[in-house]
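To start, the structure under review is shown below, and the notes come after it.
Every heavy atom of this structure was used, including side-chain atoms; hydrogens, water molecules and symmetry mates were not. Counting begins at 1 with the first residue of the sequence.
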Amino acid sequence: MALSDFEKQMDKLQQDGVINRAQFLQIMAAAGAFMALGTNKAYAAKSSARGKIVIVGGGAAGISMASRLKRKLSNPDITIVDPSDRQFYQPGFTLIASGVYSADEVWKPQSECMPSGVKWVKDVVTLIHPTQNKLDTAKSGSIDYDFLVLCPGAQINWNKVEGISKETLGLGNAHSIYDWVGAQRTWPAMREFGRKGGKAIFCDTYTKHKCGGAPKKICLLSWDNARKNNNLDKIDLHYYTASKHLYDVPHFTPRLEQIYKERNIPVDMNCRLKGIDVHSKRAYFERVETLEDGSKRTTPFAEDYDFMHFMAPQSAPDFVRDSGLSWTEGKLAADGWAMTNKETLVHMTYPNIICLGDCAGIPTSKTSAAIGKQLPIAVENLISIMEGGSPEAIYNGYAACPIVTEYGKVLMAEFDYKKEPQITFPLSLLDMSKEQWVAWLLKVYGLKPIYFNLMLTGLY
């Protein structure tokens with residue numbers, strides 16, 4: 001966004017009495033100092049441990065892990081296996097879909113993001129043989145490893161929503177920002193809905209998924225677009241969640257529920273999207289209720305719409321389950337998430353495999369902020385294992401979900417495994433149980449440069 005836009009938002013921030021310019025600059029200066037302290041840790045004493053490290057996945061976790069390991073090891077031997085041409089800052093997809101970012105503001109060529117000195121095998125992993133310490137690729141044959149870092153991200157199963165696919169996103173005005181092209185198609189549709197009005201429905205999904213706040217953000221931003229067009233009397237918004245609550249972090253839930261109530265957006269619980277008829281603009285759901293005897297009752301229903309945003313079910317990539325690396329029991333088994341110790345991030349069966357990022361089967365939200373906190377734990381524990389020691393660094397489940405409630409305000413939810421608030425400095429200087437302008441400025445202006453310039457380079 002242009003500097004003039006930043007100035008306008010600062011003026012509005014002061015007019016609303018949220019924070020004055022001096023306070024904002026103090027907070028940003030404190031944040032800069034804090035970030036600088038964090039970067040110094042990257043230059044701590046190096047380990048002489050040796051071994052061939054293969055990293056599966058070249059997203060936020062994979063490239064950041066390689067960069068950190070390269071700085072920490074005296075003799076790094078690191079290979080990344082990933083087929084991507086581009087590195088996407090995926091949290092920016094929401095801002096594309098709401099007209100804040102242009103499509104090309106959220107990516108860089110993958111070749112520019114790969115750390116120097118790290119071997120890049122531009123290929124797809126098809127199977128891992130953990131007892132043999134090797135993996136198979138689609139085109140490059142087998143690759144041996146001494147230590148494996150498993151971070152291939154989440155797989156979006158578009159085929160589990162009947163009537164629409166990744167390629168047909170936007171047909172029937174049914175959209176999803178869980179795809180770069182899909183995010184681009186969402187913005188003109190949202191903008192038109194704000195101008196004309198109508199009925200809009202928004203829904204999440206029944207599996208664990210990355211960026212769980214995204215459907216809520218699009219819902220609330222659609223409302224705000226209509227408000228900006230003075231068309232609130234012409235819109236009818238409904239939110240459907242597969243969960244039994246709108247949000248499950250007590251410190252932040254009351255305000256989010258209040259916002260939905262203030263905006264007259266009904267929230268229907270325990271609803272699973274099954275399909276979309278893009279020709280008649282009708283969405284098909286199932287309401288799943290648990291009866292007193294513990295049995296389930298499923299009731300199908302359908303809703304017509306003019307504009308829709310949905311999320312498809314997600315899972316670990318198929319090869320994770322096919323390789324015998326997934327949970328086989330418990331809540332995380334159904335979708336193949338990797339069987340990971342939630343504290344050490346070491347695989348529960350194979351101690352030379354570190355799991356982190358979206359594919360890890362741990363009970364926290366799947367966000368880039370969570371990856372940021374997992375990285376130093378994963379690096380420290382991997383190096384300890386390489387040196388013949390035990391993994392002792394502990395991850396507390398920290399995750400962050402910046403829920404955009406309107407243009408210019410964000411409810412920044414930060415929490416741990418216990419669903420208790422873990423407000424990071426300098427946001428701890430403010431009341432983050434309510435939406436804040438400073439969190440909007442951080443999301444729009446701060447987090448993307450941190451991602452590309454610090455996180456991926458191993459400096460944060």
Using a distance-only test with no angle check, is there a side-chain donor-acceptor pair under 3.5 angstrom linking [X] and [Y]?
X: Ser116; Y: Lys70; result: yes
X: Ser84; Y: Asp82; result: yes
X: Tyr451; Y: Gln87; result: yes
X: Gln314; Y: Tyr178; result: no
X: His209; Y: Thr207; result: no
X: Ser315; Y: Asn157; result: yes

Can you tell me if [atom1] on [X] sees more than 12 non-hydrogen neighbours from other groups inside 6.0 Å?
X: Lys52; atom1: NZ; value: yes
X: Lys119; atom1: NZ; value: no
X: Glu162; atom1: CD; value: no

Hey, does the side chain of [X] reach the backbone of [Y] with a donor-acceptor pair shorter than 3.5 angstrom?
X: Thr168; Y: Ile164; result: no
X: Tyr145; Y: Leu135; result: no
X: Thr241; Y: Ser243; result: yes

Within the 4.5 Å heavy-atom criterion, are [X] and [Y] side-chain neighbours or not?
X: Ile385; Y: Pro391; result: yes
X: Val56; Y: Phe319; result: yes
X: Leu456; Y: Ser64; result: yes
X: Ile78; Y: Val149; result: no
X: Phe93; Y: Cys211; result: no
X: Val181; Y: Leu169; result: no

Tell me the ring-ring contact (aromatic ring centres under 6.0 Å, His included) pairs involving [range], sequence neighbours left out?
range: residues 339-386; value: His347-Tyr350
range: residues 360-402; value: Tyr395-Tyr417
range: residues 150-172; value: none

Note to self: Please evaluate residues Phe147 and Asp77 with respect to the criterion side-chain contact (heavy atoms from CB on, under 4.5 Å), reporting the C-alpha separation (whole Å), side-chain torsions for both, the decisive distance (0.1 Å), and the verdict.
What the structure shows: CA-CA 10 Å; Phe147 304 94; Asp77 181 359; over 6 Å; no
Parallel, tilted or perpendicular, judged at 30° and 60°: which one describes the rings of [X] and [Y]?
X: Phe88; Y: Trp107; answer: tilted
X: Tyr240; Y: Phe301; answer: tilted
X: Phe307; Y: His175; answer: tilted

Margin query: Could you work out, with side chain to side chain contact (heavy atoms under 4.5 Å, CB included) as the rule, every residue matching Pro449, not counting sequence neighbours?
Written below: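 Pro449: side chain to side chain contact (heavy atoms under 4.5 Å, CB included) contacts with Asn453.
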Look up atom [atom1] in [X] and atom [atom2] in [Y], then write down how far apart they are to the nearest 0.5 Å.
X: Thr344; Y: Leu382; atom1: OG1; atom2: CG; answer: 11.5 Å
X: Ile156; Y: Asp358; atom1: CD1; atom2: CG; answer: 9.5 Å
X: Leu447; Y: Ser368; atom1: CG; atom2: OG; answer: 7.5 Å
X: Met190; Y: Asp224; atom1: CE; atom2: CG; answer: 10.0 Å
X: Leu95; Y: Lys217; atom1: CG; atom2: NZ; answer: 8.0 Å
X: Met308; Y: Cys203; atom1: CE; atom2: SG; answer: 4.0 Å

For [X], which residues count as a salt bridge (Lys or Arg N to Asp or Glu O under 4.0 Å) partner, sequence neighbours excluded?
X: Lys210; value: none
X: Asp85; value: Lys122
X: Arg185; value: none
X: Arg86; value: none

**Message:** Tell me whether Arg272 is salt-bridged to Glu286, with the criterion being a basic N under 4.0 Å from an acidic carboxylate O.
**Reply:**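 Looking at Arg272 and Glu286, the cut-off is not met.
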Does a side-chain N-to-carboxylate-O contact under 4.0 Å join Arg287 and Asp268?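 Judged by the 4.0 Å cut-off on N to carboxylate O distance, Arg287 and Asp268 do form a salt bridge.
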- [ ] Please list all pairs passing the salt bridge (Lys or Arg N to Asp or Glu O under 4.0 Å) test where one or both residues lie in residues 398-407, with sequence neighbours left out.
- [x]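 Counting only pairs at least two positions apart or across chains, the salt bridge (Lys or Arg N to Asp or Glu O under 4.0 Å) contacts touching residues 398-407 are Arg263-Glu406.
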TODO: Could you please spell out the steps behind the side-chain contact (heavy atoms from CB on, under 4.5 Å) verdict for Lys409 and Ile259?
DONE: CA-CA 12 Å; Lys409 289 186 179 179; Ile259 290 171; over 6 Å; no
With side-chain hydrogen bond (donor to acceptor under 3.5 Å, both in side chains) as the rule and sequence neighbours excluded, what pairs involving [range] come up?
range: residues 128-144; value: Asp123-Thr137, Asp123-Ser140, His129-Asp136, Asn133-Asn352, Asp136-Ser142
range: residues 378-388; value: Ser47-Glu387
range: residues 316-339; value: Gln155-Asp318

Would you please test Met455 and Leu375 for side-chain contact (heavy atoms from CB on, under 4.5 Å) and show each step? CA-CA 9 Å; Met455 185 173 174; Leu375 282 165; 3.9 Å; yes
| What about Tyr247 and Phe252, are their ring centers closer than 6.0 Å? |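 Judged by ring-centre distance (under 6.0 Å), Tyr247 and Phe252 do not meet the cut-off.
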Which residue is it: Lys281, Lys199, Arg282? I am looking for the one with a salt bridge (charged side-chain N to carboxylate O under 4.0 Å, His left out) to Glu303.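 The option that passes is Lys199.
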Note to self: Could you go through Ile63 and Met114, starting from their C-alpha distance and side-chain angles, then the distance that decides it, and tell me whether this counts as side-chain contact (heavy atoms from CB on, under 4.5 Å)?
What the structure shows: CA-CA 6 Å; Ile63 289 183; Met114 284 288 171; 4.3 Å; yes
